[in-house]
Colleague: 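Take this structure first; my questions come after.
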Amino acid sequence: MTHNILRNTPTETPLATLLFAHGAGAPMDSNFMSVMSELLCTRHCEVVRFEFPYMAERRVTGKKRPPNTTEVLLESWRQVAAEQREVLPAGRRLLIGGKSMGGRMASMIADELQVDGLVCLGYPFHPPGKPERLRIEHLQRLATPTLIVQGEHDPLGNSQEVSGYPLSATIDIQWLSDGDHDFKPRVKSGHTQSQHWEQAADLTLEFIRSLTKKSLV
């Protein structure tokens with residue numbers, strides 16, 4: 001199974017390495033993925049992006065493909081995590097996560113991989129327009145420390161909907177004011193997408209530092 005890899009490494013010693021997967025429709029070098037990787041890198045987090053097989057194939061053939069089956073996506077996570085662990089410096093924390101579908105797949109395998117933390121940027125709690133089709137069963141028993149950064153008006157899980165979900169106590173959800181699934185707010189909100197991307201990076205850094213503090217207790 002072939003995966004394209006992009007790595008953003010800070011000039012200073014990283015606090016952690018984050019394996020960062022793309023969403024269903026956009027590749028690892030989309031604007032969202034690229035900007036967030038650069039912002040996290042400036043905050044002393046190494047970011048390793050990769051592509052699932054269907055997206056890697058699209059890059060070669062130019063033809064759009066639907067996402068692989070869940071089994072294939074999870075196996076991709078296993079392989080990438082195993083490969084990156086081989087080159088991970090001793091003592092460095094390893095986190096996994098991603099945008100939308102990439103984060104959802106990471107959340108399904110985080111406990112199995114026994115990583116230090118999970119970061120989901122825009123979690124797809126349900127398909128668009130189908131709030132009854134929840135994707136939270138595994139989130140009720142998730143043991144891995146988790147940060148979910150979510151737009152308040154995300155059509156795949158807004159703040160009113162998610163507040164009523166029975167989620168594991170290990171999950172910390174941070175809301176971006178008026179943001180959508182890509183963290184873009186309405187103009188009248190007084191916020192910008194760039195501000196929300198910066199805030200998401202800051203929240204991720206705080207989360208990484210909180211893991212460091214917990215390990216010292």
Side-chain angles (χ1 to χ4, degrees), residues 1-10 13-23 28 33 36-37 40-41 43-53 67-125 135-150 165-174 200-201 203-217:
M1 195 177 294
T2 301
H3 304 95
N4 298 317
I5 297 287
L6 284 176
R7 187 182 299 270
N8 293 71
T9 302
T13 302
L15 298 173
T17 292
L18 170 67
L19 308 185
F20 191 34
H22 59 82
M28 65 179 178
M33 293 289 292
M36 286 306 308
S37 296
L40 291 170
C41 186
R43 288 160 174 78
H44 314 299
C45 178
E46 180 180 55
V47 180
V48 178
R49 285 174 276 168
F50 71 95
E51 288 182 329
F52 294 112
N68 305 109
T69 62
T70 297
E71 290 74 16
V72 171
L73 297 175
L74 294 181
E75 185 57 29
S76 294
W77 260 117
R78 292 186 183 97
Q79 291 190 16
V80 171
E83 292 167 1
Q84 295 305 314
R85 269 197 163 117
E86 290 183 359
V87 298
L88 192 72
R92 183 181 302 173
R93 286 161 188 78
L94 178 65
L95 289 77
I96 64 173
K99 172 75 173 82
S100 194
M101 182 197 75
R104 179 184 170 218
M105 292 300 114
S107 71
M108 294 174 69
I109 204 166
D111 287 352
E112 175 189 325
L113 295 179
Q114 296 184 327
V115 292
D116 296 297
L118 169 69
V119 178
C120 300
L121 303 182
Y123 187 88
F125 287 97
R135 298 160 167 165
I136 65 169
E137 182 179 357
H138 67 289
L139 297 182
Q140 298 177 45
R141 57 181 184 273
L142 187 66
T144 303
T146 299
L147 170 67
I148 296 178
V149 183
Q150 195 85 353
Y165 295 163
L167 304 178
S168 168
T170 63
I171 299 174
D172 176 26
I173 302 180
Q174 294 290 328
L203 289 167
T204 302
L205 174 60
E206 291 175 14
F207 176 63
I208 292 172
R209 285 177 171 165
S210 74
L211 297 177
T212 302
K213 292 177 182 177
K214 289 177 183 177
S215 68
L216 295 175
V217 174

Colleague: Side chains of R43 and T204: do they bring a donor and an acceptor to under 3.5 Å?
Modeller: no

Colleague: Does D116 reach the main-chain N or O of L94 with its side chain, forming a donor-acceptor pair under 3.5 Å?
Modeller: yes

Colleague: Give me the atom names and distance for the closest heavy-atom approach of P124 to S100.
Modeller: CD-O, 3.4 Å

Colleague: Do P10 and E46 come close enough that some side-chain heavy atom pair is under 4.5 Å?
Modeller: yes

Colleague: Compare all side-chain heavy atoms of R49 with those of H22 and state whether any distance is below 4.5 angstrom.
Modeller: no

Colleague: Assess whether side-chain contact (heavy atoms from CB on, under 4.5 Å) is satisfied between L15 and L205, documenting all intermediate values.
Modeller: CA-CA 9 Å; L15 298 173; L205 174 60; 3.7 Å; yes

Colleague: Once rounded to the nearest 0.5 Å, what's the spacing between atom OG1 of T70 and atom CD of E75?
Modeller: 13.0 Å

Colleague: Would you give the length of the straight line joining atom OG of S168 to atom NE2 of H138, rounded to the nearest 0.5 angstrom?
Modeller: 10.5 Å

Colleague: Pair T144, I96 - check side-chain contact (heavy atoms from CB on, under 4.5 Å), show working.
Modeller: CA-CA 10 Å; T144 303; I96 64 173; over 6 Å; no

Colleague: Locate the shortest heavy-atom distance separating T9 from C41; write the atom from each residue and the value.
Modeller: C-SG, 3.5 Å

Colleague: To check you understand the geometry: which heavy-atom pair defines the closest contact between I208 and C45, and what is its length?
Modeller: CD1-SG, 3.8 Å

Colleague: Between Q150 and Y123, is there a donor-acceptor pair closer than 3.5 Å when you use the side chain of the first and the backbone of the second?
Modeller: yes

Colleague: Could you tell me which non-hydrogen atom of W77 sits nearest to which non-hydrogen atom of G97, and how far apart they are?
Modeller: CZ2-O, 3.4 Å

Colleague: Are M105 and I109 packed together at the side-chain level, in the sense that at least one heavy-atom pair is separated by less than 4.5 angstrom?
Modeller: no

Colleague: Has D111 got a side-chain atom pairing as donor or acceptor with A143's backbone, closer than 3.5 angstrom?
Modeller: yes

Colleague: Backbone N or O of F52 within a donor-acceptor pair of the S76 side chain at under 3.5 Å?
Modeller: no

Colleague: Would you call R209 and E206 a salt bridge, taking side-chain N to carboxylate O under 4.0 Å as the test?
Modeller: no

Colleague: May I ask you to test the T146-S107 pair for a side-chain heavy-atom distance under 4.5 Å?
Modeller: no

Colleague: Can you list the steps and then say if M108 with L74 is a side-chain contact (heavy atoms from CB on, under 4.5 Å)?
Modeller: CA-CA 8 Å; M108 294 174 69; L74 294 181; 4.0 Å; yes

Colleague: Does the pair V149 and F207 meet the rule for a side-chain contact (heavy atoms from CB on, under 4.5 Å), with working shown?
Modeller: CA-CA 11 Å; V149 183; F207 176 63; over 6 Å; no

Colleague: Please find the pair of heavy atoms, one from Q114 and one from R85, that lie closest to each other, and give the distance.
Modeller: O-NH2, 3.3 Å

Colleague: When rounded to the nearest 0.5 angstrom, what distance separates CG in L6 from CE in M28?
Modeller: 3.5 Å

Colleague: Could you tell me which residues satisfy ring pair (Phe, Tyr, Trp, His ring centres under 6.0 Å) with F20, sequence neighbours excluded, listed by chain and number?
Modeller: none

Colleague: Look up atom CG in L167 and atom CZ in F125, then write down how far apart they are to the nearest 0.5 Å.
Modeller: 6.0 Å

Colleague: Between R135 and L139, what is the shortest heavy-atom contact and its length?
Modeller: O-CD1, 4.1 Å

Colleague: Drop me the distance from I171's CD1 to I136's CD1, to the nearest 0.5 angstrom.
Modeller: 9.0 Å

